[in-house]
Number of protein chains: 2
Amino acid sequence: MGTTEQATAPEPKYWHLRTVLLRAIDSEFATGQVIPNERELASRFGVARATLRQALDQLELEGRLVRRRGIGTLVAAPRTAVPVSPAEEGWPGTGRDAAWRIVDCVTAPPSAALARALAIPASEQVHTVRRLRMTGSQVVGTEALHVPDSAVPHLPGFVGDTGRGRSVLRQLQRLELAGESRAVELGVAEAEEARLLERPPGTPVLVVTTQYAAQGRIAALAVSTYRADTCRLTFGQTGLVEVAPVGAGLAEVRTAS
Amino acid sequence: MGTTEQATAPEPKYWHLRTVLLRAIDSEFATGQVIPNERELASRFGVARATLRQALDQLELEGRLVRRRGIGTLVAAPRTAVPVSPAEEGWPGTGRDAAWRIVDCVTAPPSAALARALAIPASEQVHTVRRLRMTGSQVVGTEALHVPDSAVPHLPGFVGDTGRGRSVLRQLQRLELAGESRAVELGVAEAEEARLLERPPGTPVLVVTTQYAAQGRIAALAVSTYRADTCRLTFGQTGLVEVAPVGAGLAEVRTAS
DNA sequence: CAGTGGTCTAGACCACTCT
DNA sequence: GAGTGGTCTAGACCACTGT
């Protein structure tokens with residue numbers, strides 16, 4: 001039997017369109033190339049623009065298309081692998097490599113939720129370092145690194161925002177890292193985050209929550225958000241074998257049988 | 001040139017709606033409760049139904065709402081933590097715990113992409129075990145575990161689909177696991193996958209690609225997909241400290257400053 | 001300026017679930 | 001059958017980018 005089950009599957013138009021467009025961009029377009037505009041495509045396929053946009057929304061979510069207002073819709077580059085693990089991002093990314101860029105550092109009492117997550121009394125001050133994760137000159141992620149004051153007792157007095165941030169990171173680095181546990185989930189970027197990521201609000205992001213344990217307590221809690229459209233997070237034991245750049249071929253592998 | 005122009009931020013209606021609705025479901029509704037229907041909400045807020053739906057789409061993507069056709073829109077339960085690491089999901093999940101359920105197992109030559117990813121010649125047979133990841137009786141993920149024939153040479157002759165699947169897993173378990181590397185990215189569920197996840201096509205999923213290394217080669221490649229709406233993937237060194245159930249409080253922590 | 005994607009409207013019909 | 005979310009239409013205007 002073929003693909004012709006009809007009984008029960010009235011495939012929505014937008015889903016069919018997505019499939020057709022996906023095939024098209026895979027075979028007829030190169031990375032970075034502009035595809036025809038939405039009104040053109042809609043009329044070409046004989047659907048309303050809203051319906052076509054539904055299909056494009058899907059492909060954008062999959063990281064296959066990028067839409068730029070005033071410009072057009074482009075075929076996206078394969079997602080960039082972003083290493084997320086002690087070795088690469090380390091305690092600090094102390095500036096040795098340019099992977100992280102400190103935005104600022106504020107010291108304040110924790111919110112209730114934060115105090116709970118850090119397992120500290122609400123009265124203890126918390127240093128929050130805001131950083132940007134860079135890939136070359138591209139911002140791909142943001143991070144809020146929350147550090148209880150007691151974990152980094154020896155901070156210098158008068159330095160700027162980023163200066164204190166650097167000090168916090170250096171202090172952390174001196175601690176013996178006993179372990180870390182992570183969680184990854186899907187979220188959307190709100191106003192401030194979206195601005196830092198240079199994306200509109202509502203942009204889907206991968207949210208990574210990391211608890212760093214040292215000296216039998218939680219030494220830091222990092223909440224990082226990465227652009228879901230352009231990032232593939234890699235958790236390498238940096239093992240023997242390189243993670244194959246499955247990238248765009250991933251769909252192939254997923255559906256291979 | 002500065003990125004800090006503010007001028008005017010004409011916040012879209014749907015984004016404002018999302019914020020309002022989010023506050024409402026946080027304060028006035030309990031998990032599992034149905035919120036007013038879309039037509040009702042749209043007229044209450046004085047917007048078109050399509051605009052309201054845009055706001056609901058966002059909240060659904062964030063895992064805060066669940067929409068059920070014919071029923072209504074419900075406040076979603078906090079995401080369930082799904083452990084993803086050797087200890088918990090092991091080579092096998094050999095059936096000892098009910099976390100995985102084998103669907104079937106097919107043996108066939110690999111696609112070009114798969115052969116490349118496994119670093120084997122295209123002529124070698126590959127066993128592909130399809131499994132479902134369970135949380136209680138809920139299906140939260142699917143997996144295609146690709147194993148080169150040469151990694152599991154001692155398979156029994158005549159057993160059913162799931163029987164061979166079990167054998168493959170058992171064989172893998174006997175290998176010494178040298179390391180594994182993972183990647184996580186956002187994807188959408190296509191037809192077959194969507195069916196297994198009991199969701200419509202296009203459902204956002206977290207795609208986890210794992211390479212298992214043993215005996216200096218790639219012993220297996222797993223491509224797992226987890227429902228992004230209901231899952232929080234945890235990568236525990238199963239360290240000292242439990243990952244705090246930041247869950248719904250995560251937003252708080254993210255925006256805390 | 002013209003052209004692009006982003007937002008929004010006011011309808012319509014369909015598929016599904018429950019009673 | 002009544003009520004829900006899912007899909008789709010044919011328009012409109014806005015915000016942004018290039019020239």
Side-chain angles (χ1 to χ4, degrees), chain A residues 6-19 21 32-61 65-76 188 194-195 198-204 229, chain B residues 1 3 5-19 21 32-61 65-76 188-189 194-195 198-204 229:
Chain A
Q6 45 175 10
T8 48
E11 191 185 47
K13 278 190 190 177
Y14 77 88
W15 186 254
H16 179 247
L17 271 180
R18 168 201 167 268
T19 308
L21 289 169
Q33 197 173 348
V34 213
I35 71 175
N37 71 62
E38 297 181 349
R39 291 162 178 90
E40 158 70 17
L41 285 175
S43 82
R44 186 184 301 182
F45 288 109
V47 299
R49 191 175 154 221
T51 303
L52 177 88
R53 277 181 62 81
Q54 234 179 318
L56 296 183
D57 286 343
Q58 288 282 346
L59 292 169
E60 194 179 28
L61 196 66
L65 291 178
V66 179
R67 293 195 269 192
R68 296 216 194 122
R69 188 190 294 219
I71 306 284
T73 302
L74 291 68
V75 176
V188 304
R195 199 181 55 74
E198 299 163 3
R199 297 253 69 200
T203 300
D229 55 347
Chain B
M1 178 90 198
T3 50
E5 309 298 311
Q6 48 160 5
T8 45
E11 191 186 48
K13 278 190 191 177
Y14 76 87
W15 186 255
H16 179 247
L17 271 180
R18 167 199 167 271
T19 308
L21 289 169
Q33 197 174 348
V34 282
I35 70 175
N37 72 61
E38 299 182 349
R39 291 162 179 88
E40 159 70 17
L41 285 175
S43 82
R44 187 183 301 182
F45 288 108
V47 299
R49 190 175 155 220
T51 303
L52 176 87
R53 278 182 61 82
Q54 236 180 316
L56 296 183
D57 286 343
Q58 288 281 347
L59 291 169
E60 194 178 28
L61 196 65
L65 291 178
V66 179
R67 294 196 269 193
R68 295 215 194 122
R69 188 189 294 217
I71 306 284
T73 303
L74 291 68
V75 176
V188 304
R195 200 181 54 74
E198 299 163 4
R199 296 252 70 199
T203 300
D229 54 348

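Letters A, B, ... mirror the listed sequences (proteins, then strands); counts begin at 1. Please read all numbers here as calculations on a predicted model, not as lab measurements.
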Nearest to the side chain of B:Arg53, which nucleotide is it out of D:dT7, C:dT17, C:dC8?
->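 The listed nucleotide nearest to B:Arg53's side chain is D:dT7.
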
Proximity to the side chain of B:Pro12 - top-ranked nucleotide from C:dG5, D:dC8, C:dC8 =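 The nucleotide sitting nearest to the side chain is C:dC8.
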
Charged N to carboxylate O under 4.0 angstrom, A:Asp229 versus A:Arg199?
->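 Salt bridge: yes.
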
For [X], enumerate each residue passing the side chain to side chain contact (heavy atoms under 4.5 Å, CB included) test, keeping only those at least two apart in sequence or located in another chain.
X        : value
A:Ser43  : none
B:Arg68  : B:Val66, B:Ile71, B:Leu74
A:Pro200 : A:Thr203
A:Pro12  : A:Tyr14, A:Trp15

Report the residue (B:Pro200 or B:Ile71) whose heavy-atom-nearest nucleotide on DNA chain D is the more 5′ of the two.
-> B:Ile71

What does nucleotides 9-14 of chain D look like as a protein-contact string, B for base, S for sugar-phosphate only, - for none, at under 4.0 angstrom between heavy atoms?
-> B--BB-

Compare all side-chain heavy atoms of A:Arg53 with those of A:Arg67 and state whether any distance is below 4.5 angstrom.
->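 Yes, close enough: below the 4.5 Å cut-off.
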
Is there a side-chain contact between B:Arg18 and B:Leu21 (heavy atoms, below 4.5 Å)?
->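 A side-chain contact is absent here, since even the closest heavy-atom pair is not under 4.5 Å.
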
So, does [X] get its side chain near the phosphate of [N], meaning an N or O under 4.0 Å from OP1 or OP2?
X       : N     : result
A:Arg68 : C:dT4 : no
B:Arg67 : D:dG6 : yes
B:Tyr14 : C:dT7 : yes
B:Asn37 : D:dG3 : no

Whole angstrom is fine here: how far is it from [atom1] in [X] over to [atom2] in [N]?
X       : N      : atom1 : atom2 : result
A:Gln58 : D:dG6  : CD    : P     : 13 Å
B:Leu65 : D:dT4  : CG    : P     : 16 Å
A:Gln54 : C:dG6  : CD    : C1'   : 15 Å
A:Leu17 : D:dT7  : CG    : P     : 13 Å
A:Glu40 : C:dG5  : CD    : C1'   : 15 Å
B:Glu11 : D:dA15 : CD    : P     : 14 Å
B:Ile35 : D:dT4  : CD1   : P     : 12 Å
A:Leu41 : C:dT4  : CG    : P     : 11 Å

In Å and rounded to the nearest 0.5 Å, what is the CD1 to CG distance from B:Ile35 to B:Leu65?
->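 If we round to the nearest 0.5 Å, B:Ile35:CD1 and B:Leu65:CG are 5.0 Å apart.
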
Nearest atoms (heavy-atom pairs only) where A:Pro36 meets A:Leu41 =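 Closest pair (atom of A:Pro36, atom of A:Leu41, distance): O-CD1, 3.4 Å.
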
Least distance between heavy atoms, A:Leu17 atom then A:Leu52 atom =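 Reported closest heavy-atom pair: CD1-CA, 4.0 Å.
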
Which angle, to the nearest 10 degrees, lies between the helix axes at the two ends of the helix from C:dC1-D:dG18 to C:dC18-D:dG1, each defined by five pairs?
->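 Taking the rotation axis at each end, their angle is 10°.
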
